[in-house]
Participant: 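This structure is in structure tokens; I'll ask about it shortly.
Count residues from 1 along the sequence. The structure presented is a predicted model; accordingly, all values stated were derived computationally and were not measured.
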Amino acid sequence: MISCIFEAYIISPGTVPVFFIFCMKISTPGRICLFGEHQDYLGLPVIAAAISRRINVSGEKRADNKILIRMPDIQSEEVFMLDPDLRYTKERDYFKSAINVLRRHGYGFEHGFDVHVNGNIPINSGTSSSSALLVSWIHFLTQMADIKPVETASQFDIGKYAVEAEVLEFGEPGGMMDQYSTALGNIMYLETVPEPMALSYPAKLGTFVLGDSLEPKDTLGILKHVKFGMLDIIRQLTESEATFDLHTFPAEDAGRFRSELSEEQFRLLQGNLSDRDILREARSMFAENAVDRNRIGELLNIHQDSLRDAKKVSTPKINRMVEASLKAGALGAKINGSGGGGCMFAYAPNNPEAVAEAIEREGGKPYIIEVDEGTRVE
């Protein structure tokens, strides 16, 4: 583990020492999506919550331009040189893309780094471990850069840089929720059109239980299926009705499109309209700081019905974990992340231990969690 070293230089007699940091530790949370799963890349808002499981990046500058990143949790390391022309040599080459993105925004790097990564976010389970790692890495780089356009990058800007490095740089089909929610933390409402806008709410929700199904996920496959399936529906409907808008079309009027769509398409349309409307109801509660915990649970259950039946991203095992958690006293439960495996979570402010035991009996790995703050310097 890397230890931080600080040196103090006296500028002139009687002055306060100025500290130069040679080592930095950054901590960033994972996230759950409360409302709006598979919505942000359609231009619809989402509500996410940072969780009390985090990834840490700590490191110090080297005398040369080598970057050495040790990741003992996954028994891996990455090594590359900090060249002026930093080319990608593999898919999702995020450690390099972060540097390239930051260079375009005015950051400069004259030294390499020795870096250590560790954390306790479940990996490949829909809790944004990869985005949390990238956000931590970008936050680390903005702190340690030799040339900076601003003294301290905001959490919002760190989220924006992470979107560029993870999604835009490689043309991936995901949205912006993971990057902004892990950077900003707390309960976050995010709109992505016409420009990203995020709000943080102070509502206290109490405890959740995250349940890892231990089933591997096919994130890109799920995203392509659900995202492009809905984009085809929108294109088809706007050809027959030019004024159709997913943001404003009344859910109760969806029936008039039944003859134009297949049964599967129609269910997908209904699911997206339902998800849009329950998010709006939840946002009103958060914005007014008047949370009805029972109603939040009901909305989570409605959302799960849509994800299971309309978007078809849940799995039989996760469905059993959801049902078991509700029988054990959870107010609501749903799959989390893109789906096809990974995690679910249960809203259990009253008896989380019993809910955790119920999830474990169904073969899941439970974690009792709370809402947490965003990326931070430790």
Participant: Applying ring pair (Phe, Tyr, Trp, His ring centres under 6.0 Å) to Trp137 and Tyr94, what does each step give before you reach the verdict?
Facilitator: CA-CA 9 Å; Trp137 174 234; Tyr94 297 147; over 10 Å; no

Participant: Applying side chain to side chain donor-acceptor pair (under 3.5 Å), name anything that partners Tyr367, two or more places apart in sequence or on another chain.
Facilitator: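 Checked Tyr367 against side chain to side chain donor-acceptor pair (under 3.5 Å); zero matches.
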
Participant: Kindly indicate whether a cation-pi arrangement holds for Lys96 with Phe80, taking the cut-offs as under 6.0 Å to the six-membered ring centre and within 45° of the axis.
Facilitator: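 Output yes; distance and angle both within limits.
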
Participant: If we check side-chain hydrogen bond (donor to acceptor under 3.5 Å, both in side chains) with Asp275, which of these qualifies: Arg280, Gln270, His303?
Facilitator: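 Answer to the side-chain hydrogen bond (donor to acceptor under 3.5 Å, both in side chains) test with Asp275 among Arg280, Gln270, His303: His303.
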
Participant: Looking at Lys66 and Asp114, does any basic side-chain N land under 4.0 Å from a carboxylate oxygen?
Facilitator: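 Answer for the salt bridge query: no.
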
Participant: Answer yes when Glu169 and Arg104 have at least one side-chain N-carboxylate O distance shorter than 4.0 Å, and no when they do not.
Facilitator: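 Arg104 and Glu169: salt-bridged.
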
Participant: Closer than 4.0 angstrom, basic N to acidic O: yes or no for Glu110 and Lys61?
Facilitator: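 Lys61 and Glu110: not salt-bridged.
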
Participant: Checking Glu323 against Lys327 for the salt bridge (Lys or Arg N to Asp or Glu O under 4.0 Å) test, could you report, in this order, the C-alpha distance in whole Å, the side-chain angles of both residues, the deciding distance, and whether it holds?
Facilitator: CA-CA 6 Å; Glu323 291 301 317; Lys327 290 178 181 177; 5.7 Å; no

Participant: Do the side chain of Thr127 and the main chain of Ser129 share a donor and acceptor less than 3.5 angstrom apart?
Facilitator: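 Checked: no pair found.
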
Participant: For Glu263, I'd like to know if atom CD has over 12 heavy atoms of other residues, nucleotides or ligands within 6.0 Å.
Facilitator: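 Check passes, neighbour count above 12.
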
Participant: Are Leu205 and Ile32 grouped together when hydrophobic residues (ILVMFWY) are joined by side-chain heavy atoms under 4.5 angstrom apart?
Facilitator: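 Both belong to a single hydrophobic cluster.
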
Participant: Under 4.0 Å between a Lys/Arg side-chain N and an Asp/Glu carboxylate O for Arg87 and Asp93?
Facilitator: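 A salt bridge is absent here (no side-chain N lies under 4.0 Å from a carboxylate O).
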
Participant: Are the side chains of Phe249 and Leu273 in touch, meaning some heavy atoms are under 4.5 Å apart?
Facilitator: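 Sidechains of Leu273 and Phe249: in contact.
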
Participant: Looking at Ile158, Asp157, Thr375, which hits side chain to side chain contact (heavy atoms under 4.5 Å, CB included) with Ile138?
Facilitator: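 In the set Ile158, Asp157, Thr375, the residue that makes a side chain to side chain contact (heavy atoms under 4.5 Å, CB included) with Ile138 is Ile158.
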
Participant: Side-chain contact, heavy-atom cut-off 4.5 Å: Leu141 with Tyr161?
Facilitator: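 SC-SC contact between Leu141 and Tyr161 ruled out.
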
Participant: Count I, L, V, M, F, W, Y as connected when their side-chain heavy atoms are under 4.5 Å apart, and connections chain through other members. Are Leu331 and Ile187 then in the same cluster?
Facilitator: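 Yes, one cluster joins them.
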
Participant: Between Asn65 and His111, is there a side-chain donor-acceptor contact under 3.5 Å, judged purely by atom types and distance?
Facilitator: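 No, because no side-chain N or O of His111 sits under 3.5 Å from a partner of the opposite role on Asn65.
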
Participant: Could you tell me if the side chain of Lys334 sits less than 4.5 Å from the side chain of Val322, heavy atoms only?
Facilitator: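 A side-chain contact is absent here, since even the closest heavy-atom pair is not under 4.5 Å.
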
Participant: Any carboxylate oxygen within less than 4.0 angstrom of a Lys/Arg side-chain nitrogen, looking at Arg295 and Glu281?
Facilitator: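 Between Glu281 and Arg295 there is a salt bridge, with a charged N closer than 4.0 Å to a carboxylate O.
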
Participant: When you look at Lys160 and Gln179, which way does the side-chain contact (heavy atoms from CB on, under 4.5 Å) test go after all the steps?
Facilitator: CA-CA 7 Å; Lys160 179 183 72 173; Gln179 298 82 11; over 6 Å; no

Participant: Are Glu378 and Ser27 side-chain neighbours, meaning at least one heavy-atom pair lies under 4.5 Å?
Facilitator: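 Yes, side chains in contact.
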
Participant: Backbone N or O of Gly126 within a donor-acceptor pair of the Asn336 side chain at under 3.5 Å?
Facilitator: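 It does hold such a pair.
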
Participant: Looking only at side chains, do Asp178 and Ser128 share a donor and an acceptor under 3.5 Å apart?
Facilitator: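 The answer is yes; a qualifying pair exists.
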
Participant: Decide yes or no on side-chain contact (heavy atoms from CB on, under 4.5 Å) for Leu279 and Tyr189, but give the supporting numbers first.
Facilitator: CA-CA 10 Å; Leu279 179 143; Tyr189 170 83; 4.0 Å; yes

Participant: Considering the options Arg267, His38, Lys311, which one meets the side-chain hydrogen bond (donor to acceptor under 3.5 Å, both in side chains) requirement together with Asn272?
Facilitator: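 Single pass found, and it is Lys311.
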
Participant: Can you confirm whether the side chains of Gln155 and His139 place a donor and an acceptor under 3.5 Å from each other?
Facilitator: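 Not at all, the side chains of Gln155 and His139 share no donor-acceptor pair under 3.5 Å.
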
Participant: Do Ser240 and Glu260 have side-chain atoms, one donor and one acceptor, less than 3.5 Å apart?
Facilitator: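 A donor-acceptor contact under 3.5 Å links the two side chains.
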
Participant: Measure the shortest side-chain to side-chain distance between Arg31 and Ile51 over non-hydrogen atoms and say whether it is less than 4.5 angstrom.
Facilitator: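 The answer is no; the side chains never approach within 4.5 Å.
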
